[in-house]
Amino acid sequence: MKYSFFLGCIAPLRYPGLEAATRLLFKELGIELLDLKGASCCPAPGVFGSFDLWNWLLVAARNLSIAEEQNVDAMVICNGCYATLQEAYHLLGKPERLEAVNKVLSQIGRNYQRRTGVKHVVEVLMQKEVWDKILSLKKRPLGGLKIAVHYGCHYLKPSKVRGHESPETPYHIDNMVKDLGAEPVEYVDKLMCCGAGGGVRSGNSDEARQFTLTKIENARKAGADLIVHPCAFCHFQLDTGQQELLDQGLLKEPLPVILITQLIGLALGMKPEALGLNLNKIPHNYLSRL
Amino acid sequence: MKTLYACIQCGTCSGSCPAGRYTNLRTRLIVRNIQLGLRENVLGSDDLWACTTCYTCQERCPRNIMITDIVRVARNIAFEEGHAKKPHLYVAHMFINTGHSIKFADEHRKLRESVNVSSVPPTVLSYPEAMEEISKLTELSGFKKKVLEREG
């Protein structure tokens, strides 16, 4: 099993712990991660998709073409990257659109034939053989931890394009949490956005933080010790956004956030610093209880 | 875009919209204004940029209108007609100049080294020829010109 690791922007440039944890986990699982050499921003679906859809599609196709050259699917750890690359793959299923895109790509020496596409890290991890291996490697019990799952928007939606589970009642990550020995908690407005998408974090950060505040307070009320999610961009908003809310005096009790690959790394007995948990702004207080 | 003419103004979109709790964004109104061809009401309004593109409205629309995708198309027109916000233009510039949407500085390099990953990621930042491709691509797509015009 082999994938080309599409890093995006937030993971490699702001939260390299997310990248490091994913690399460590995949090494432990014996799944090879190639470098998607020369990749750019995906480009972000709600920002660049909102500016110029044609440019967005061309850049996405270039990124996909690099993984295709390596004969593997790209793998992402960000719902934003997933939204762009998966939707681009979907849109390029129309032959005349693919042809138009390749006409431009040929001028930079590239070509994309849609032989390979993109997988979200959650899709990769929940394959039976992979998940069985993870469970067989469990070393650190997570018993007693209450975890609020945040799915983010674009892993699930638009559901007609993504084609996973119900966008109203998803359960895959909750099941992962349960299998790892922790307790998933239900909370009000669980499926609400982190607030950052669509260019809102860059264009109107106060609005983005209001989403975040609601989300954190709801998860807190449900007794959560931490939030687990599958997305580097949500991680950025939920972690950095909470620090900003603390600085503004709008939030009293923050909640640590963790990417699914970091949580699995913890369950496999990896050191929190190796997983980059210390690079988060909101400290992972619960670690002393493990 | 054509799907929006099926809108019966039921309001499921506005009722489901998390951004509508904190801002003046009224998704139903955006759809109505587009139906009626009231361009400036849509394109000139900040509300258009309050949507986080979470797709809840699109998922729940009983008429299967691709609402979020339509918001994105409306934003493309707004961007072209000069309604882009300053911080958005900054992000656009960042991409055109570096291939990433955010800055990479020494402090970020150090963060990377602290978790034992390569000090510069194997992205466009490590491959100048890849940056040339991105630069040419944004030229061929017309995006670079659009962004530079806005700056002027």
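All values below were derived from every heavy atom in this structure, side-chain atoms included, with hydrogens, water molecules and symmetry-related copies excluded. Labels below follow one simple rule: chain letters A, B, ... track the order of the sequence lines, proteins then strands, and each chain is numbered from 1.
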Considering all heavy atoms, the nearest His100(B)-Gly8(A) contact: CE1-O, 3.3 Å

Closest heavy-atom pair and its distance - Val200(A), Cys51(B): CG2-O, 3.5 Å

Greatest number of non-hydrogen atom pairs under 4.5 angstrom with chain B, of Ala44(A), Cys42(A), Gly49(A), falls to Gly49(A)

Heavy-atom closest pair, residues Cys193(A) and Thr52(B): SG-OG1, 3.3 Å

Looking only at Ala83(A), Gly109(A), Ser50(A), the option with the highest number of non-hydrogen pairs under 4.5 Å against chain B is Ser50(A)

Rounded distance [0.5 Å steps], CE in Met192(A) versus OG1 in Thr56(B): 9.5 Å

If I measure from the heavy atoms of chain A, does Thr23(B) come under 4.5 Å with its side chain, its backbone, both, or neither? side chain

Who among Val115(B), Thr123(B), Asn76(B) has the most heavy-atom pairs with chain A under 4.5 Å? Asn76(B)

Spatial distance of atom OG (Ser202(A)) from atom CE (Met94(B)) [nearest 0.5 Å]: 11.5 Å

Between Cys41(A), Cys153(A), Ala208(A), which residue shows the highest count of heavy-atom pairs closer than 4.5 Å to chain B? Cys41(A)

Are the side chains of Glu19(A) and Arg112(B) in contact, using a 4.5 Å heavy-atom criterion? yes

To the closest 0.5 Å, what do you measure between CG (Leu105(A)) and CG (Leu137(B))? 6.5 Å

Any non-hydrogen side-chain atom of Glu168(A) less than 4.5 Å from a side-chain atom of Arg60(B)? yes

Let's test your reading of the structure: which of Ala196(A), Gly195(A), Ala20(A), Pro158(A) forms the most heavy-atom pairs below 4.5 Å with chain B? Pro158(A)

Phe48(A) versus Ala92(B), closest heavy-atom pair with distance: CE2-CA, 3.9 Å

Counting only heavy atoms not in Glu99(A), do more than 12 fall under 6.0 Å of its CD? no

What part of Ile10(A) gets closer than 4.5 Å to chain B, counting heavy atoms only: side chain, backbone, both or neither? both

Under a 4.5 Å heavy-atom cut-off, does chain B meet the side chain of Glu273(A), its backbone, both or neither? backbone

Is the CE atom of Met66(B) crowded by more than 12 outside heavy atoms at less than 6.0 Å? no

Considering all heavy atoms, the nearest Glu207(A)-Ala50(B) contact: OE2-O, 2.6 Å

Which atoms of Leu7(A) are under 4.5 Å from chain B, going by heavy atoms: the side chain, the backbone, both sets, or neither? side chain

Max heavy-atom pairs within cutoff under 4.5 Å with chain B, candidates Leu58(A), Leu24(A), Leu36(A), Ile108(A), goes to Ile108(A)

Nearest-0.5 Å distance, OG1 of residue Thr68(B) to NE2 of residue His154(A): 7.5 Å

Can you tell me which portion of Glu133(B) sits under 4.5 Å from chain A's heavy atoms? Options are side chain, backbone, both or neither. both

Contact part of Ala84(B) toward chain A, heavy-atom cut-off under 4.5 Å: side chain, backbone, both or neither? neither

Contact part of Phe79(B) toward chain A, heavy-atom cut-off under 4.5 Å: side chain, backbone, both or neither? side chain

Against chain B, label Pro167(A) side chain, backbone, both or neither, depending on which of its atoms sit under 4.5 Å from a heavy atom there. side chain

Most chain A-contacting option - heavy-atom pairs closer than 4.5 Å, from Lys86(B), His108(B), Lys144(B): His108(B)

Please classify the contact between Leu125(B) and chain A as side chain, backbone, both or neither, with a heavy-atom cut-off of under 4.5 Å. side chain

Under 4.5 Å, counting heavy-atom pairs only, tell me which of Lys103(B), Arg109(B), Met131(B) racks up the most with chain A. Lys103(B)

Do you know which of Gly203(A), Gly276(A), Gly17(A), Ala274(A) has the most heavy-atom pairs under 4.5 Å to chain B? Gly203(A)

Chain A contact via Cys54(B) - which portion, at a heavy-atom distance below 4.5 Å: both

Engaged part of Phe51(A) at the chain B interface, taking heavy atoms whose separation is under 4.5 Å: both

Given a strict heavy-atom distance threshold of 4.5 Å, which part of Asn278(A) is in contact with chain B: side chain, backbone, both, or neither? neither

Point-to-point distance, once rounded to the nearest 0.5 Å, from CH2 of Trp56(A) to CZ of Arg72(B): 5.0 Å

More than 12 foreign heavy atoms under 6.0 Å from CD of Glu80(B): is that the case here? no

Give, as side chain, backbone, both or neither, the part of Arg14(A) having an atom under 4.5 angstrom from any heavy atom of chain B. both

Ranked by heavy-atom pairs below 4.5 Å to chain A, first place among Tyr90(B), Trp49(B), Phe95(B) goes to Phe95(B)

Looking at every heavy atom in both Pro16(A) and Val117(B), which two are closest together, and how far apart are they? CB-CG2, 4.2 Å

What part of Ala19(B) gets closer than 4.5 Å to chain A, counting heavy atoms only: side chain, backbone, both or neither? both

For chain A, find which of Glu59(B), Arg21(B), Lys136(B) contributes the most heavy-atom pairs closer than 4.5 angstrom. Glu59(B)

Any side-chain heavy-atom pair of Val59(A) and Ser141(B) under 4.5 Å: no

When rounded to the nearest 0.5 Å, the distance separating CD of Glu107(B) from CG of Leu13(A) is 11.0 Å

Lys85(B) atom NZ: more than 12 heavy-atom contacts under 6.0 Å: yes

Part of Val47(A) within contact of chain B (heavy atom distance under 4.5 Å): side chain

